[in-house]
S.K.: 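There's a structure below that I have some questions on.
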Amino acid sequence: MENRKYRPREIEEKWQKRWEEQRTFNVTEDPGKKKYYLLEMFPYPSGKIHIGHVRNYTIGDVVARYKRMRGYNVLHPMGWDAFGMPAENAAIERGIHPSVWTNENIAHMRKQLKRMGFSYDWDREISTCEPEYYRWEQLFFLEMYEKDLVYKKRSAVNWCPQCRTVLANEQVEAGLCWRCSAVVEEQVLDQWFFRITNYVEELLRDCDKLTGWPERVLTMQQNWIGKSYGCEIAFPREDGNGAIRVFTTRQDTLYGATFMLVAAEHPLVTELAKGKPAEKQIRAFVENVRKQDRAVRTSESTEKEGVFLGSYCTNPVTGRKMPIYAANFVLADYGTGCVMAVPTHDQRDFEFAKKYGLPLVVVIQPPNRPLDPAAMTEAYVEEGILVNSGPFSGMENLKALEAIAAHLEKAGYGKKTVQYRLRDWGISRQRYWGAPIPIINCGKCGTVPVPEKDLPVVLPRDVAFTGEGGSPLAKHKAFVETACPRCGSPAQRETDTMDTFVESSWYFDRFCSPRYSVKPGLDRKKLDYWLPVDQYIGGIEHAILHLLYARFYTKALRDMGLLGVDEPFKNLLTQGMVCKESMRCTEHGYLFPEEAADGKCRKCGLEIVVGKTEKMSKSLRNVVDPDYLVEKYGADTARLFCLFAAPPEKDLEWSDQGIEGAFRFLSRTWRIVMDYLDDIYDIAPYRGPVSGNGQVLEGEIKELRRKTHQTIKRVTADIEDRFHFNTVISAVMELVNALYQIGRPAAGDRQALSVIRETIDAAVLLLSPIVPHFCEELWTMLGHGQGVADSAWPAFDPAVASEEEITIVVQVNGKVRSRVTVSAGEEEARIKTLARTDGKIAKLITGKELVKEIYVPNKLVNIVVRGNT
RNA sequence: GCCUGGGUGGCGGAAUUGGUAGACGCAAGGGACUUAAAAUCCCUCGGUCCUUGAGGCUGUGCGGGUUCGAUUCCCGCCCCAGGCACCA
């Protein structure tokens, strides 16, 4: 009996070794089998995996193993999103080379993932920081350059004047540099952009094809793209130098436009300010606004500020002379960067007009009370009837939208247009640890692409990391100095590297042919077999950027003929964040949970400031390393617990309360199997007649069999329809509890034992995607020759699963007052009679007027009565 | 601020299409076993009131509404989380 104890460590090592040796999860294309490509978002190798990863990858592994048991040829790969800022920060702070740091992290995390028993095809492992990977990305870049899908334009970055370096948004804390606390400035640089806007209509339209995506993600993407219909209207400048063009969706309010607003950083501002007495003041204002955060600038609560530019333009329909102002709340990169201000019907314009004493003209009247501009305390933004609007007065404002647009077009003052909120994707990073952009800048020839034969442009290793003075690459002479491929004269290499979102926009393609080393790095035949990804699983945090970029990139690669799908991810499961409060010591900054004890910092003993609860991330250090769970309880318990805690899409505030319960359940299951093992080893699962007169099972054995089939049904549906593994686990827990509750049959009662055998086999199979090592071991002990991973998913018999008796709830005036038990299939009339004559119900309804009776089949009867109680 | 979600016992959660609120588990309390402890097994467990019952009332963030019936649908508010284009 001693060798029959549940020893997770031993079992897990044994099965992990066996899966690896037998290459259980390595796959190749097999045209004879249905394929299933299951992908979890690959991790950034930050150092250690945390509970968020465990949750994500366990969810994926359960689905992968489940689909395998269902007979699919499952591709389930894993790799590393290996470029990124933290590696460079480590180099700056600790003098470790980013590649060393990254590869050490990968080695450690790979070991951790292997210890979790995930069913990956490790032969396909890729790491995006290797030239074998990014060389293809550089090739795609050249192709995109060729097709004008990539271009250069001036664009602003965060600049720390003290460190003389570019900062990521994350490195700016309340407007200050995170390293030196200097006030962060804005600097304009020439940067590379992908023309994602070329695909904007397709990206929007294809949302309809993504029926396997959560509605909320599609809504977020659509809102992000932000298509709006409106008009572009020209307001002639008083100085005769052409016109100011604005985009508006509210052309119905055009007759109420009394002044013009221009984004502070708009080139027009400098142009108009030139030579004016207020030029200095205007410059100062612009400088000030540049420093304001974009979110702050556009927030409703921010004080509206502006400065008069000393010039005027004309409202094309009213002829009114409109003063031109630069304003803080107008954005340069949306629409035309200029806005016609209608203070009576736009709240921001209203506040601005009040502050600077600008005129108000009401053009929309509400139905009930006429508006008096002098008495207005806020803008009227609802619908109404047009007034003061020339030929359009008297029209409903929504109807006037179309009429005014048509009028403007006819009169030549403007045209109907469509605007998008989506901007082109800036991919330039002034950093070392990323894929080099394969471009050479020549003094004579300008921008010259690196010839294909010279790819990859490999990141040089020997660079110095100081965190100061901009990109380390720019200071690397041997890298920068080169010859122009076109004219041969001395030229400089581009030193910007690509945004790491570029790597994650095609890694799922590379997984299909991870070692393919000839152009274009993607083996079309293999891609055609595996793509699209059937199920993609990852955090909701990626709902917009990563997923939108990957969709765009897929379409771009498709148009290069490299792959044959329009959309990369057929089905998407967005898991909720695993959150935890962050902890901060005034001396040592953010602390890892293990660096804190009793609210004090372990290093210095200072009181800890507990921050808000946020998603686990390395930068906040609010991460929980799963090692201690695996160490103490084993990977199976850790997997079980992560899934049992909540359904996948829900956010989870981490607590390991309950981990004991998960372990207890496995031990309990193990024990009951051991208890029956000798008695059922030679007995086949029950296969007797299913129902009707042939039904020979009685009492609790019959009930157990019903419960078994009900459990298979429920578990299958919960996995198949909604990935709710928490309810899967409770269902199996109930089945195991049922097994404990029945009286132990005699050793010779082969019929009863065969039912128990069926129950135990089913429980093991149902749990096997969740706790695979545990189930493999039990499956072997139960005498099955084939591994559980290669076994078929169990089927249920609906006849066995169906209940013979059902409980009908009886309500009086909507309140539950009694219950009656009837046999399944009992007639409605009989059930209603039973309900009315039920003792408790009869007491409540006698002497009262029966208003109506509602019957919901198999569920309830609601008797509605009127009268005194 | 804007966009997107969420809020149910002491805790994690269940209730899948408007139809029994609280499955399953944790914690807690009680009991059995034991010399003892651990482990295990069994029972109780939203709140409240009384007449302690097959009892009444109440209860799914807050306030309203629709309905025979609302955790579920609608309106308003509060709080929490994700994203906001250089964290990934």
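Each chain gets a letter, A, B and so on, in the order the sequences are listed, and its residues count up from 1. Owing to the predicted nature of the structure, the values given are computational and were not obtained by experimental measurement.
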S.K.: Quick check on B/C87: is either OP1 or OP2 less than 4.0 Å from any side-chain nitrogen or oxygen of A/Arg431?
M.R.: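 Indeed not, no polar side-chain atom of A/Arg431 lies that close.
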S.K.: Rounding to an integer number of angstrom, what distance separates B/U71 and B/U8 when you compare their P atoms?
M.R.: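 Looking at atom P only, B/U71 and B/U8 are 14 Å apart.
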S.K.: Do the non-hydrogen side-chain atoms of A/Val771 and A/Phe665 ever get within less than 4.5 Å of each other?
M.R.: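 A/Val771 vs A/Phe665: side chains apart.
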S.K.: From the set B/A88, B/G12, B/C24, return the single nucleotide nearest to any side-chain atom of A/Asp81.
M.R.: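 Of the candidates, B/A88 comes closest.
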S.K.: Give a yes/no answer on whether the side chain of A/Lys650 brings an N or O atom under 4.0 Å of OP1 or OP2 in B/G13.
M.R.: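 Yes, because at least one side-chain N or O of A/Lys650 sits under 4.0 Å from OP1 or OP2 of B/G13.
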S.K.: Among B/C24, B/G19, B/U16, which nucleotide sits nearest the side chain of A/Arg722?
M.R.: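 In terms of side-chain proximity for A/Arg722, the closest of B/C24, B/G19, B/U16 is B/U16.
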S.K.: When you compare B/A70 with B/C62, how far apart are their P atoms, in angstrom units rounded to a whole number?
M.R.: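 15 Å, rounded to whole Å.
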S.K.: Output the residues of residues 615-622 of chain A in contact with RNA chain B, where contact means a heavy atom of the residue under 4.0 Å from an atom of the strand; sort by number or write none.
M.R.: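 Those residues whose heavy atoms fall under 4.0 Å from RNA chain B, taken from residues 615-622 of chain A in numerical order, are A/Lys615.
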S.K.: OP1, OP2 of B/A14 versus side-chain N and O of A/Asn726: anything below 4.0 Å?
M.R.: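 Result: yes.
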S.K.: Between A/Trp192 (side chain only) and A/Arg429 (backbone N and O only), is there a donor and an acceptor less than 3.5 Å apart?
M.R.: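 No; judged by distance alone, with no hydrogens or angles, the pair does not exist.
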S.K.: Measure from the side chain of A/Leu545, starting at C-beta and using heavy atoms only, and say which of B/C84, B/G5, B/G19 lies closest.
M.R.: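 Per side-chain heavy atoms of A/Leu545, the pick is B/C84.
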S.K.: Kindly give the heavy-atom pair with the smallest separation between A/Pro8 and A/Tyr633, and that separation in Å.
M.R.: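 Where A/Pro8 meets A/Tyr633 most closely, the heavy atoms are CG-O, 3.5 Å.
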S.K.: I want to verify a distance call: between B/C86, B/G19, B/A14, whose nearest atom is closest to the A/Asn169 side chain?
M.R.: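 The answer is B/C86, which lies nearest to the side chain.
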S.K.: What's A/Leu422 touching, base or sugar-phosphate or nothing? Going by heavy atoms closer than 4.0 Å.
M.R.: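 Answer is base: heavy atoms of A/Leu422 come under 4.0 Å of a base.
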S.K.: How is A/Ala543 classified with respect to the nucleic acid when contacts are heavy atoms under 4.0 Å: base, sugar-phosphate, or nothing?
M.R.: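 No contact.
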S.K.: Measure from the side chain of A/Pro86, starting at C-beta and using heavy atoms only, and say which of B/C41, B/A88, B/A21 lies closest.
M.R.: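 The nucleotide sitting nearest to the side chain is B/A88.
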S.K.: Between B/G46 and B/A21, how far apart are the C1' atoms? Round to whole Å, please.
M.R.: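 Here B/A21 and B/G46 have their C1' atoms 10 Å from each other.
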S.K.: For A/Asp346, check salt bridge (Lys or Arg N to Asp or Glu O under 4.0 Å) against everything at least two apart and list the hits.
M.R.: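 Result, salt bridge (Lys or Arg N to Asp or Glu O under 4.0 Å) vs A/Asp346: A/Arg348.
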S.K.: Measure from the side-chain heavy atoms of A/Lys840 and tell me the nearest of B/A54, B/C86, B/A85.
M.R.: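 Closest nucleotide among those given: B/A54.
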S.K.: How many angstroms lie between atom CZ of A/Phe194 and atom OG of A/Ser505, to the nearest 0.5 angstrom?
M.R.: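 Here the rounded value is 8.0 Å.
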S.K.: Roughly how far apart, to the nearest Å, are B/U60 and B/G7 at atom C1'?
M.R.: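 It comes out at 9 Å once rounded to the nearest Å.
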S.K.: Determine whether a donor-acceptor pair (one donor, one acceptor, N or O, separation below 3.5 Å) exists between the side chain of A/Gln171 and the base of B/C87.
M.R.: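 Such a pair does not exist between side chain and base.
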S.K.: For A/Gly426, report the nucleic acid contact type (base, sugar-phosphate, nothing); a contact means any heavy atom under 4.0 Å.
M.R.: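 The residue A/Gly426 makes sugar-phosphate contact but no base contact.
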S.K.: Do the side chains of A/Lys153 and A/Asp424 get close enough for a salt bridge, i.e. N-O under 4.0 angstrom?
M.R.: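 Answer for the salt bridge query: no.
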S.K.: Identify, between A/Arg664 and A/Arg817, the residue whose nearest nucleotide on RNA chain B lies closer to the 5' end.
M.R.: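 First, find each residue's nearest nucleotide; the 5'-ward one identifies A/Arg664.
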S.K.: Any base atoms under 4.0 Å from A/Asp718, or only sugar-phosphate, or nothing? Heavy atoms, all strands.
M.R.: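 Base contact.
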S.K.: Please compare A/Pro647 and A/Asn813 by the position of their nearest nucleotide in RNA chain B and report the one closer to 5'.
M.R.: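 Comparing both residues, the 5'-ward one is A/Pro647.
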S.K.: Contact class for A/Val166 vs. all strands (heavy atom < 4.0 Å): base, sugar-phosphate, or nothing?
M.R.: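 Answer is base: heavy atoms of A/Val166 come under 4.0 Å of a base.
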S.K.: Within the pair A/Arg819 and B/A54, is there a side-chain N or O less than 4.0 Å away from OP1 or OP2?
M.R.: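 So the side chain of A/Arg819 is outside the cut-off, no N or O lying under 4.0 Å from OP1 or OP2 of B/A54.
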S.K.: Please check the phosphate of B/C41 (OP1 and OP2 only) for any side-chain N or O of A/Arg668 closer than 4.0 Å.
M.R.: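 For B/C41, OP1/OP2 do have a side-chain N/O of A/Arg668 under 4.0 Å.
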S.K.: Check RNA chain B for consecutive Watson-Crick or G-U pairs with both distances under 3.5 Å and list the runs of at least three as stems.
M.R.: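 The stems are B:1-7 with B:78-84, B:10-12 with B:24-26, B:28-32 with B:40-44, B:46-49 with B:55-58, B:61-65 with B:73-77.
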S.K.: If you compare every side-chain N and O of A/Lys815 against the phosphate oxygens of B/U58 (OP1, OP2), does one of them come in below 4.0 Å?
M.R.: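 Checking B/U58 against A/Lys815, a side-chain N or O does come within under 4.0 Å of OP1 or OP2.
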S.K.: Between B/C26 and B/G83, how far is it from one C1' atom to the other, in whole Å?
M.R.: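 Going atom to atom, C1' in each nucleotide, I get 33 Å.
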S.K.: Report yes if some heavy atom in the side chain of A/His53 is under 4.5 Å from a heavy atom in the side chain of A/Met616; otherwise report no.
M.R.: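 They are not in side-chain contact.
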S.K.: Base, sugar-phosphate, or nothing: which does A/Gln430 touch, judged by heavy atoms less than 4.0 Å apart?
M.R.: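 Base, at least one base atom sits under 4.0 Å.
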S.K.: Look at the side chain of A/Arg195 and the backbone N and O of A/Val150, then say whether any donor-acceptor pair between them is shorter than 3.5 Å.
M.R.: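 Not a single qualifying donor-acceptor pair exists.
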S.K.: With rounding to whole Å, what would you report as the distance between B/C73 and B/G82 at their P atoms?
M.R.: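 Between the two P atoms, the distance is 24 Å.
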S.K.: Please list all pairs passing the salt bridge (Lys or Arg N to Asp or Glu O under 4.0 Å) test where one or both residues lie in residues 640-655 of chain A, with sequence neighbours left out.
M.R.: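 Pairs touching residues 640-655 of chain A that pass the test: none.
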S.K.: A/His542 near the nucleic acid: base, sugar-phosphate alone, or nothing, with a heavy-atom cut-off under 4.0 Å?
M.R.: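 Answer is base: heavy atoms of A/His542 come under 4.0 Å of a base.
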S.K.: Can you measure from CZ (A/Arg431) to CG (A/Asp499) and round to the nearest 0.5 angstrom?
M.R.: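 Rounded to the nearest 0.5 Å, the CZ-CG separation comes to 10.0 Å.
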S.K.: Tell me every residue that passes salt bridge (Lys or Arg N to Asp or Glu O under 4.0 Å) with A/Glu93, counting only those two or more places apart in sequence or in another chain.
M.R.: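 A/Glu93 satisfies salt bridge (Lys or Arg N to Asp or Glu O under 4.0 Å) with A/Arg179 only.
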S.K.: Check whether the side chain of A/Gln811 and the base of B/G19 form a donor-acceptor pair under 3.5 Å.
M.R.: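 Indeed, a donor on one side and an acceptor on the other fall under 3.5 Å apart.
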S.K.: Look at A/Glu614 together with A/Lys580 and state whether they make a salt bridge at an N to O cut-off of under 4.0 Å.
M.R.: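 A/Lys580 and A/Glu614: not salt-bridged.
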S.K.: Keeping the roles fixed (side chain from A/Asn622, backbone from A/Ser617), state whether a donor-acceptor pair exists under 3.5 Å.
M.R.: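 Checked: pair present.
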S.K.: Enter syn or anti for the glycosidic conformation of B/G9, syn applying to angles within 90° of 0.
M.R.: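 This nucleotide is in syn.
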S.K.: Students often get this wrong, so: under 4.0 angstrom with heavy atoms, is A/Val864 touching a base, only sugar-phosphate, or nothing?
M.R.: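 Sugar-phosphate: the residue A/Val864, judged by heavy atoms under 4.0 Å, touches backbone atoms but no base.
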S.K.: What's the gap between B/G59 and B/G5 when it is taken at their C1' atoms, as a whole Å value?
M.R.: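 Going atom to atom, C1' in each nucleotide, I get 26 Å.
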S.K.: Under 4.0 Å, counting only non-hydrogen atoms across every strand here, what does A/Gln191 touch: a base, just sugar-phosphate, or nothing?
M.R.: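 Base contact - A/Gln191 has a heavy atom under 4.0 Å of at least one base atom.
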S.K.: Any idea which of B/G5, B/C24, B/C41 is nearest the A/Tyr740 side chain?
M.R.: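 Among B/G5, B/C24, B/C41, the one nearest the side chain of A/Tyr740 is B/C41.
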S.K.: Using the side-chain heavy atoms of A/Val157, tell me which of these nucleotides is nearest: B/A85, B/C86, B/G19.
M.R.: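 Selected nucleotide: B/C86.
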S.K.: Is the phosphate of B/A23, meaning OP1 or OP2, less than 4.0 Å from a side-chain N or O of A/Arg714?
M.R.: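 No, because none of the side-chain N or O atoms of A/Arg714 sits under 4.0 Å from OP1 or OP2 of B/A23.
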S.K.: A quick test of your reading: do over 12 heavy atoms of other residues, nucleotides or ligands sit less than 6.0 Å from NZ of A/Lys713?
M.R.: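 For A/Lys713, atom NZ is not crowded (no more than 12 foreign heavy atoms under 6.0 Å).
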S.K.: Below 4.5 Å, heavy atoms only, C-beta onward: do A/Asn813 and A/Val865 meet side chain to side chain?
M.R.: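 The answer is yes; the side chains approach within 4.5 Å.
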S.K.: Strictly below 4.0 Å: does A/Arg429 bring a side-chain N or O up to OP1 or OP2 of B/C86?
M.R.: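 So the side-chain polar atoms of A/Arg429 do come within 4.0 Å of the phosphate oxygens OP1 or OP2 of B/C86, strictly under.
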S.K.: Find out whether A/Arg639 and A/Asp636 are in side-chain contact, i.e. whether some heavy atom of one side chain is under 4.5 Å from a heavy atom of the other.
M.R.: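 A/Arg639 vs A/Asp636: side chains touch.
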S.K.: Hey, does A/Thr613 reach any base, or is it just sugar-phosphate, or nothing, if we go heavy atoms under 4.0 Å?
M.R.: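 It contacts sugar-phosphate atoms only.
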S.K.: Could you check which of B/A81, B/U20, B/C41 has an atom nearest any side-chain atom of A/Val816?
M.R.: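 For the A/Val816 side chain, the nearest candidate turns out to be B/U20.
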S.K.: B/C45 and B/G30: how far apart are their P atoms, nearest whole angstrom?
M.R.: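 Nearest-Å result for B/C45 against B/G30 at atom P: 16 Å.
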S.K.: Need one value for A/Phe665: base, sugar-phosphate or nothing, where a base atom within 4.0 Å counts as base even if backbone is also close, heavy atoms only.
M.R.: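 No contact.
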S.K.: Looking at residues 217-224 of chain A, who's got a heavy atom less than 4.0 Å off RNA chain B?
M.R.: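 Result for residues 217-224 of chain A: A/Thr219, A/Met220, A/Asn223, A/Trp224, sorted by number.
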S.K.: Given B/A81, B/G83, B/C86, which nucleotide is nearest the side-chain atoms of A/Asn158?
M.R.: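 Comparing B/A81, B/G83, B/C86 against the side chain of A/Asn158, the answer is B/C86.
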